[in-house]
Each structure stands twice: as structure tokens, then as C-alpha cells.
Amino acid sequence: MSTGMYQSPMEVAVYQLHNFSISFFSSLLGGDVVSVKLDNSASGASVVAIDNKIEQAMDLVKNHLMYAVREEVEVLKEQIKELLEKNSQLERENSLLKTLASPEQLEKFQSRLPAEVLCPEEQSSGVAAPAQYSGGSAV
């Protein structure tokens, strides 16, 4: 690239950006865009044509991304719906089992559960008990 025909670093950067855009988007469009040399003699029509091709390619990419995102959102909505239904079913089963179980069975079951599974109020009561006994002498 001859930088003699450009008066500022900005013009060089624009030239490089246009060349990158042309090569990148021509690969997206299947090589429809021909390589155009941008210099001071380039006509305004060719620059506009290139800009139009770039805009078309960007619209194409945007449309593909939007379609993919919409598709993924639909899949996730369906998964959320299934998980909510499963959660509701499990909550009903849990409630039923709690009502049918005797207090001894519930106590035995809860004693087998790890501490992480217990409800927060049960965990806090379990943590508070040792604190009461640790109030002894520090000597």
C-alpha cells in the first residue's frame, strides 16, 4: 500500500478498514463483492456500492443472529415451562408425603439428611445450639 496518496493517518485507517470489510463481507456473501482499490481517484459510486454491500452483509448477519437467538429463547421457554411443571408436581408430592408421614418418620428422615438439605430455619436452630454452650469461661 502506498501511503503517499493519503494525507492523514485517518485516511490510511479508513482505507485499511474498507479493505478488511470488503474481504470479510465478500467471504460472507460468497465472493459477490469484487476487490475495489480505494484511492483518491475512486468514484463516489463505487464507495457507495461497497457501503451498500457491507450494510447488506451486516443485515444478513444480524438476521441470522436474531433468528438463532429467537430459536434459543423458544427452547429455553419450553425448558422453563417443563421445569416449573416438574417443580410443582414434586412440591405436591412432598406435601402429600409430609401429611401422610408420622412425626417419628419425619424425624428419622430429617436426621439422615445432610445439613445443606435442611431448611434455613432448621440450619439456624442447629447453629444456635452450640453457640449457647460456648459461652463458658475463656480462661
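All residue numbers refer to positions in the sequence shown, counting from 1. Atom set for the values below is all heavy atoms of this structure, side chains included, hydrogens, waters and symmetry mates excluded. Since the structure is predicted, the reported quantities are computational estimates derived from the model, not experimental observations.
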Q: Check side chain to side chain contact (heavy atoms under 4.5 Å, CB included) between L100 and all other residues, then give those that pass, not counting sequence neighbours.
A: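 In terms of side chain to side chain contact (heavy atoms under 4.5 Å, CB included), with neighbours along the sequence ignored, L100 is linked to L96.
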Q: Going by the rule side chain to side chain donor-acceptor pair (under 3.5 Å), which residues pair with E93 if we only count those two or more places apart in sequence or in a different chain?
A: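 E93: side chain to side chain donor-acceptor pair (under 3.5 Å) contacts with Q89.
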Q: Using residues 61-68 as the side-chain source, report each donor-acceptor pair under 3.5 Å to any protein atom, sequence neighbours left out, with the distance given to one decimal.
A:
from: N63; atom 1: ND2; to: D59; atom 2: O; distance (Å): 3.3
from: Y67; atom 1: OH; to: E71; atom 2: OE2; distance (Å): 3.1

Q: CD/Q79 to NZ/K86 distance, rounded to the nearest 0.5 angstrom?
A: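 It comes to 15.0 Å.
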Q: Who clusters with V69? Use side-chain heavy atoms, under 4.5 angstrom, across I, L, V, M, F, W and Y, and order the result by chain and number.
A: V73
Q: Taking side chain to side chain donor-acceptor pair (under 3.5 Å) as the test, write out the residues that go with S95, two or more places apart.
A: none
Q: Under the side chain to side chain contact (heavy atoms under 4.5 Å, CB included) test, which residues partner I80, sequence neighbours left out?
A: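 Partners of I80 under the side chain to side chain contact (heavy atoms under 4.5 Å, CB included) test: L84.
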Q: Other members of the hydrophobic cluster containing V75, with the 4.5 Å side-chain heavy-atom rule, please.
A: none
Q: CD of E91 to CG of N94: how many Å apart, nearest 0.5 Å?
A: 8.0 Å
Q: Got a sec, which residues hit side chain to side chain donor-acceptor pair (under 3.5 Å) with R112, two or more places apart in sequence or on another chain?
A: none
Q: Which residues pass the side chain to side chain contact (heavy atoms under 4.5 Å, CB included) test with E107, not counting sequence neighbours?
A: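 Per chain and number, E107 pairs via side chain to side chain contact (heavy atoms under 4.5 Å, CB included) with no residue.
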Q: So, for K108 and S111, which heavy atoms are closest and what is the spacing to 0.1 Å?
A: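 Smallest interatomic distance, heavy atoms only, reads O-OG, 2.6 Å.
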Q: Using the rule that Ile, Leu, Val, Met, Phe, Trp and Tyr join whenever any side-chain heavy atoms are under 4.5 Å apart, tell me whether L113 and L97 fall into a single cluster.
A: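 Different hydrophobic clusters.
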Q: Residues sharing L83's hydrophobic cluster, by side-chain heavy-atom contacts under 4.5 Å among ILVMFWY, directly or via others?
A: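 Answer for L83: none, a lone residue.
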Q: Report yes if the side chains of E74 and E78 come closer than 4.5 Å at any heavy-atom pair, otherwise no.
A: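 E74 vs E78: side chains apart.
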Q: Quick one: side chain to side chain contact (heavy atoms under 4.5 Å, CB included) partners of L106, sequence neighbours excluded?
A: K98, A101
Q: Could you work out, with side chain to side chain donor-acceptor pair (under 3.5 Å) as the rule, every residue matching E104, not counting sequence neighbours?
A: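 Here the qualifying residues are S102.
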